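A short worksheet on the structure shown next.
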Amino acid sequence: MGTDTGFEIVHAVLSAEPISVEQAIAAVESDTAGAVVSFSGVVRNHDGGRQVSRLSYSAHPTAHQVMADVVAGLVAEHSVPAVPDRASDAGDAGAEGPGEQQPVRIWAAHRIGMLEIGDPALVCAVSAAHRGQAFAVCAELVDRIKAQVPIWKEQFFADGTVEWVGAGE
């Protein structure tokens, strides 16, 4: 799903199937990208000083649409309409060239279902012409997904206890 504002949402989903940072990077790489920034949030073996053996993610029925809306909202806030060619733009410092806006490409997926230690739970990748924009968009993307998408984590501890962690913390 491309836009005329310089952003392209390549992928924004919840997935019951495994996801990987390699998959995300491959999807956003392009000849126009000077930077590709990725994030892979993986299942760790501890939480709050307790040993975790595995976990499961459950999503609210609206979570798929919320995920799409979160990514679209980020794009809308960061997008600027393409500027038409103007002779005065040719000399601007840092410009890509007259009328040449390089796309920012976004890939994001959050797992649902049972995950083991080391499995990626949230993977995001952003490509852009320059590193600053790629880093900023990727960091904000991760923060918004974790804060807004209604997903609950059920942690299974080594001592046999279970703990639910709510969405939007």
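All heavy atoms count here, side chains included; hydrogens, waters and symmetry mates do not. Computed from a prediction, not measured in an experiment: that's the story for all the values here.
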- Query: Given a cutoff of under 4.5 Å between side-chain heavy atoms of I, L, V, M, F, W and Y, with clusters grown through shared members, what are the other residues clustered with Phe135?
  - Reply: Val37
- Message: Working to the nearest 0.5 angstrom, can you tell me the gap between Leu122 CG and Leu141 CG?
- Response: 7.5 Å
- Query: Do Val162 and Trp152 share a hydrophobic cluster (ILVMFWY, side-chain heavy atoms under 4.5 Å, transitive)?
  - Reply: no
- Ile145 side chain near Met67 side chain, heavy-atom distance below 4.5 Å: yes
- Arg131: what forms a salt bridge (charged side-chain N to carboxylate O under 4.0 Å, His left out) with it, not counting sequence neighbours? none
- State, yes or no, whether a side-chain contact exists between Pro120 and Val21 at a heavy-atom distance under 4.5 Å. no
- Task: To the nearest 0.5 angstrom, please state how far the CD atom of Gln155 sits from the CD atom of Glu163.
- Result: 5.5 Å
- To the nearest 0.5 Å, what is the distance between OG (Ser79) and CZ (Phe7)? 4.5 Å
- Task: Would you name the heavy atoms of Arg111 and Met114 that are closest together and state the gap between them?
- Result: NH2-O, 3.7 Å
- Task: Identify the heavy atoms of Glu29 and Arg105 that sit nearest to each other, and give their distance.
- Result: O-NH1, 3.4 Å
- Query: So how far is it from Gln133 CD to His78 NE2, rounded to the nearest 0.5 Å?
  - Reply: 8.5 Å
- With a 4.5 Å heavy-atom cut-off, do Arg144 and Glu77 have their side chains touching? yes
- Message: Using every non-hydrogen atom in the two residues, find where Cys124 and Ala108 come nearest and quote the distance to one decimal.
- Response: SG-CB, 3.9 Å
- Query: Closest approach of Val104 and Ala128, non-hydrogen atoms and distance?
  - Reply: CG2-CB, 4.0 Å
- Separation between CD1 (Ile19) and CG (Leu115), nearest 0.5 Å, reads 8.0 Å
Let me have the donor-acceptor pairs involving side chains of residues 53-61, under 3.5 Å, with sequence neighbours excluded, atom names and distances please.
| from | atom 1 | to | atom 2 | distance (Å) |
| --- | --- | --- | --- | --- |
| Ser53 | OG | Phe156 | O | 3.0 |
| His60 | ND1 | Thr62 | N | 3.0 |
| His60 | ND1 | Thr62 | OG1 | 2.8 |

- Message: Nearest 0.5 Å, please: how far is OG in Ser20 from CD in Glu22?
- Response: 4.5 Å
- Other residues, nucleotides, ligands: >12 heavy atoms within 6.0 Å of Glu154 CD: yes
- Could you walk me through whether Val126 and Val28 pass the side-chain contact (heavy atoms from CB on, under 4.5 Å) check? CA-CA 7 Å; Val126 175; Val28 299; over 6 Å; no
- Message: With side-chain hydrogen bond (donor to acceptor under 3.5 Å, both in side chains) as the criterion, how do Gln23 and His11 come out once you've worked through the C-alpha distance, each side chain's angles and the decisive distance to 0.1 Å?
- Response: CA-CA 11 Å; Gln23 172 186 25; His11 192 71; 5.5 Å; no
- Item | Nearest non-hydrogen partners of Leu14 and Ala63, listed with the distance | CD1-CB, 3.4 Å
